[in-house]
Student: 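After the structure tokens below, expect a handful of questions from me.
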Amino acid sequence: MSLDMGEINVIEMRMMDTRKYYPLTLASGFSIRSILYPFMLIKTRLQIQRGNSLYKGTFDAFLKIARREGVAGLYRGFWVSCLHLGPSMSYITSYEWTRHHLSEKAKITNTKVLSLPSGGVASVIGQTFSVPIDIVTQHLMLMGRKTESSKRVQEKLSSLQTLYIPEEARYSRVGAVKAIVEVVYRQGGIMGFYKGYVVSLLAFAPNSALWWFFYDIYSGGLTAISPEWIPRLALKVVAAPAGGISSALITHPLDVIRARIQVEGRPLKETIEILWAEEGIWMLTKGLSARLVQSVTFSFFIILGYETIKRWSLLDHYKDKVRW
């Protein structure tokens with residue numbers, strides 16, 4: 001089946017049964033987060049550490065955390081991070097709604113043009129709900145997990161913390177979350193949970209817009225040059241990591257600054273000055289390897305789930321127009 005015979009290459013929200021789509025998307029999001037969370041934790045620790053005081057790189061961090069803190073150490077703060085599933089649902093709904101609105105009202109038909117603003121709008125809405133969760137989760141990531149072999153690491157991690165959390169609360173799952181929330185609120189009120197909000201938007205909105213933009217470019221390019229017998233889904237799961245790499249390379253410096261602001265609470269100018277004093281030009285690549293691993297893996301699994309779920313959720317009269 002070819003495109004001139006009515007094949008649909010991009011599945012829109014109006015073509016799906018949302019009663020299937022949303023529960024499946026929620027389940028997919030949880031599964032992907034479970035797989036990728038260790039890389040998120042590693043990326044945060046690499047971005048917050050001063051120089052190579054804790055870890056030399058992604059692989060070194062993975063081995064040391066797993067050896068000293070166990071598998072549970074790689075998942076410190078995971079259950080709080082799962083609250084991101086709510087913002088994730090608002091993100092994908094905003095993305096699909098914006099595409100539909102621009103297509104119907106503004107009569108824009110070019111998928112690449114639709115993807116850029118849609119990804120940006122979705123990120124703004126998603127980040128508004130995500131930033132408070134990020135702040136709590138990042139502090140949990142820096143607390144680590146108390147074991148006999150991790151005492152020195154705990155001391156170094158504690159030195160990176162800007163919040164005073166009593167030791168009895170620090171290693172309690174519920175107590176640590178409660179203590180972080182109380183301290184952040186006491187120091188800054190509600191706005192304390194939005195430290196770094198502007199720089200988060202500056203980092204994630206362009207990243208989201210560029211991710212969808214590159215994804216559509218690579219997906220369309222691969223579709224155009226590939227034989228008919230290659231499944232469309234296979235092309236999309238190749239295009240997604242390529243899009244993830246492209247967008248991550250462009251926006252990574254802002255992500256480093258965002259993480260520092262949210263953990264340390266310093267102003268933007270002071271944060272940049274400190275990073276420059278510590279790292280020099282290398283501040284632009286701090287934690288980049290972990291982010292690329294996370295981005296490639298995340299992009300692969302998110303599109304595998306996203307495109308598969310869309311096909312499973314298709315209304316009956318569209319099913320013969322979409323190729324797997």
Student: Report the C-alpha separation of Ser81 and Thr137 in whole Å, then their side-chain angles, then the decisive distance to 0.1 Å, and conclude whether the side chain to side chain donor-acceptor pair (under 3.5 Å) test is met.
Tutor: CA-CA 6 Å; Ser81 85; Thr137 304; 5.5 Å; no
Student: Looking at Lys178 and Glu182, does any basic side-chain N land under 4.0 Å from a carboxylate oxygen?
Tutor: yes
Student: Distance from Lys236 atom NZ to Ser219 atom OG, nearest 0.5 Å?
Tutor: 3.5 Å
Student: Between Leu314 and Lys321, is there a side-chain heavy-atom distance shorter than 4.5 Å?
Tutor: no
Student: Please check if the number of heavy atoms outside Phe62 that lie under 6.0 Å from its CZ is greater than 12.
Tutor: no
Student: So which of Ser118, Ser115, Ser94 actually passes side-chain hydrogen bond (donor to acceptor under 3.5 Å, both in side chains) with Arg99?
Tutor: Ser115
Student: Begin with the C-alpha distance, continue with both residues' side-chain angles, and end with the deciding distance and a verdict on side-chain contact (heavy atoms from CB on, under 4.5 Å) for Ile125 and Tyr91.
Tutor: CA-CA 6 Å; Ile125 293 171; Tyr91 173 91; over 6 Å; no
Student: What class does the angle between the rings of Tyr218 and Phe214 fall in, given that below 30° is parallel, 30 to 60° is tilted and above 60° is perpendicular?
Tutor: parallel
Student: Do Ile274 and Ile261 belong to the same hydrophobic cluster, where Ile, Leu, Val, Met, Phe, Trp and Tyr are linked whenever their side-chain heavy atoms lie under 4.5 Å apart, directly or via other members?
Tutor: no
Student: Are Asp60 and Arg45 ion-paired here, with the side-chain N under 4.0 Å from a carboxylate O?
Tutor: no
Student: For Arg260, is there an ion pair with Glu279 - N to carboxylate O distance below 4.0 angstrom?
Tutor: no
Student: Whether the side chain of Ser208 engages the backbone of Phe204 through a donor-acceptor N/O pair (distance < 3.5 Å, no angle test) should be reported.
Tutor: no
Student: Any sub-3.5 Å donor-acceptor pair from Tyr37's side-chain atoms to Arg76's backbone N or O?
Tutor: yes
Student: Between Met40 and Arg33, is any pair of side-chain heavy atoms under 4.5 Å apart?
Tutor: yes
Student: Looking at every non-hydrogen atom in both residues, tell me the closest pair between Phe193 and Val181 and how far apart they are.
Tutor: CZ-O, 3.5 Å
Student: Provide the closest heavy-atom pair for Ile133 versus Pro87 in the form atom of the first, atom of the second, distance.
Tutor: CD1-CG, 4.1 Å
Student: Linking I/L/V/M/F/W/Y whenever any side-chain heavy atoms sit under 4.5 Å apart, do Phe298 and Ile42 land together?
Tutor: yes
Student: Could you report the tightest heavy-atom contact between Thr58 and Ala290, atom names first, then the distance?
Tutor: OG1-N, 3.0 Å
Student: Begin with the C-alpha distance, continue with both residues' side-chain angles, and end with the deciding distance and a verdict on side chain to side chain donor-acceptor pair (under 3.5 Å) for Ser200 and Tyr194.
Tutor: CA-CA 9 Å; Ser200 285; Tyr194 280 91; over 6 Å; no
Student: With a 4.5 Å heavy-atom cut-off, do Arg14 and Tyr318 have their side chains touching?
Tutor: yes
Student: With a 4.5 Å heavy-atom cut-off, do Asp255 and Lys43 have their side chains touching?
Tutor: yes
Student: Mind checking whether Leu254 and Ile48 sit in one hydrophobic cluster, side chains of I, L, V, M, F, W, Y counted as touching below 4.5 Å?
Tutor: no
Student: To the nearest 0.5 Å, what is the distance between CD1 on Ile32 and OG1 on Thr297?
Tutor: 11.0 Å
Student: So, the side chain of His252 versus the backbone of Lys286: is there a donor-acceptor pair under 3.5 Å, distance only?
Tutor: yes
Student: Would a distance-only check, ignoring hydrogens and angles, find a side-chain to backbone donor-acceptor pair under 3.5 Å from Gln47 to Gly287?
Tutor: no
Student: Tell me if a side-chain donor or acceptor on Ser295 pairs with a main-chain N or O of Gly244 at a distance below 3.5 Å.
Tutor: yes
Student: Do Pro206 and Ile250 have side-chain heavy atoms sitting under 4.5 Å apart?
Tutor: no
Student: Does one hydrophobic cluster hold both Val237 and Trp312, with members joined at side-chain heavy-atom distances below 4.5 Å?
Tutor: yes
Student: Identify the two heavy atoms, one from Ile35 and one from Pro38, that lie closest to each other, and give their separation to 0.1 Å.
Tutor: O-CD, 3.6 Å
Student: Examine distances only and state if a side-chain atom of Ser28 and a backbone atom of Leu24 form a donor-acceptor pair shorter than 3.5 Å.
Tutor: no
Student: What about Tyr306 and Trp212, are their ring centers closer than 6.0 Å?
Tutor: yes
Student: When rounded to the nearest 0.5 angstrom, what is the spacing between CD in Glu104 and NE2 in His100?
Tutor: 4.5 Å
Student: Given 3.5 Å as the limit, does a donor-acceptor pair link the side chain of Ser123 with the main chain of Gly119, or not?
Tutor: no
Student: Could you check whether any side-chain heavy atom of Tyr21 comes within less than 4.5 Å of a side-chain heavy atom of Thr93, counting everything from C-beta outward?
Tutor: no
Student: Checking side-chain contact (heavy atoms from CB on, under 4.5 Å) for the pair Ile11/Met16: CA distance, chi angles, key distance, verdict?
Tutor: CA-CA 8 Å; Ile11 301 170; Met16 295 181 286; 4.0 Å; yes
Student: Mind running side-chain contact (heavy atoms from CB on, under 4.5 Å) on Leu288 and Leu249 for me, showing each step along the way?
Tutor: CA-CA 8 Å; Leu288 178 59; Leu249 288 172; 4.2 Å; yes
Student: Is there a chain of hydrophobic side chains (I, L, V, M, F, W, Y, each step under 4.5 Å between heavy atoms) that links Ile257 to Ile281?
Tutor: yes
Student: Please indicate whether Phe78 has more than 12 foreign heavy atoms, meaning atoms of other residues, nucleotides or ligands, lying under 6.0 Å from its CZ.
Tutor: yes
Student: To the nearest 0.5 Å, tell me how far Leu140 CG sits from Ile180 CD1.
Tutor: 4.0 Å
Student: With rounding to the nearest 0.5 Å, note down the distance linking CG in Leu116 to CG in Leu210.
Tutor: 6.5 Å
Student: Fit a plane to each ring of Tyr215 and Trp211, take the angle between them on a 0 to 90° scale, and name the class: parallel (under 30°), tilted (30 to 60°) or perpendicular (over 60°).
Tutor: parallel
Student: Does the side chain of Tyr95 reach to within under 4.5 Å of the side chain of Val121, using non-hydrogen atoms?
Tutor: no
Student: Can you check whether Leu202 reaches Thr251 side chain to side chain, under 4.5 Å on heavy atoms?
Tutor: no
Student: Please report the closest heavy-atom contact between Ala176 and Met143, naming both atoms and the distance.
Tutor: CB-SD, 3.9 Å
Student: Where do Leu54 and Lys64 come nearest, in terms of heavy atoms and distance?
Tutor: O-NZ, 3.6 Å
Student: Please evaluate residues Ile135 and Lys195 with respect to the criterion side-chain contact (heavy atoms from CB on, under 4.5 Å), reporting the C-alpha separation (whole Å), side-chain torsions for both, the decisive distance (0.1 Å), and the verdict.
Tutor: CA-CA 8 Å; Ile135 288 176; Lys195 281 189 181 297; 4.2 Å; yes
Student: Rounded to the nearest 0.5 Å, what separation is found between the CD atom of Gln294 and the CG atom of Leu36?
Tutor: 6.5 Å
Student: Is the closest basic N to carboxylate O distance between Lys310 and Glu96 below 4.0 Å?
Tutor: yes
Student: Counting N and O atoms only, with roles assigned by atom type, does the side chain of Tyr197 sit under 3.5 Å from a partner on the main chain of Gln127, one being a donor and the other an acceptor?
Tutor: no
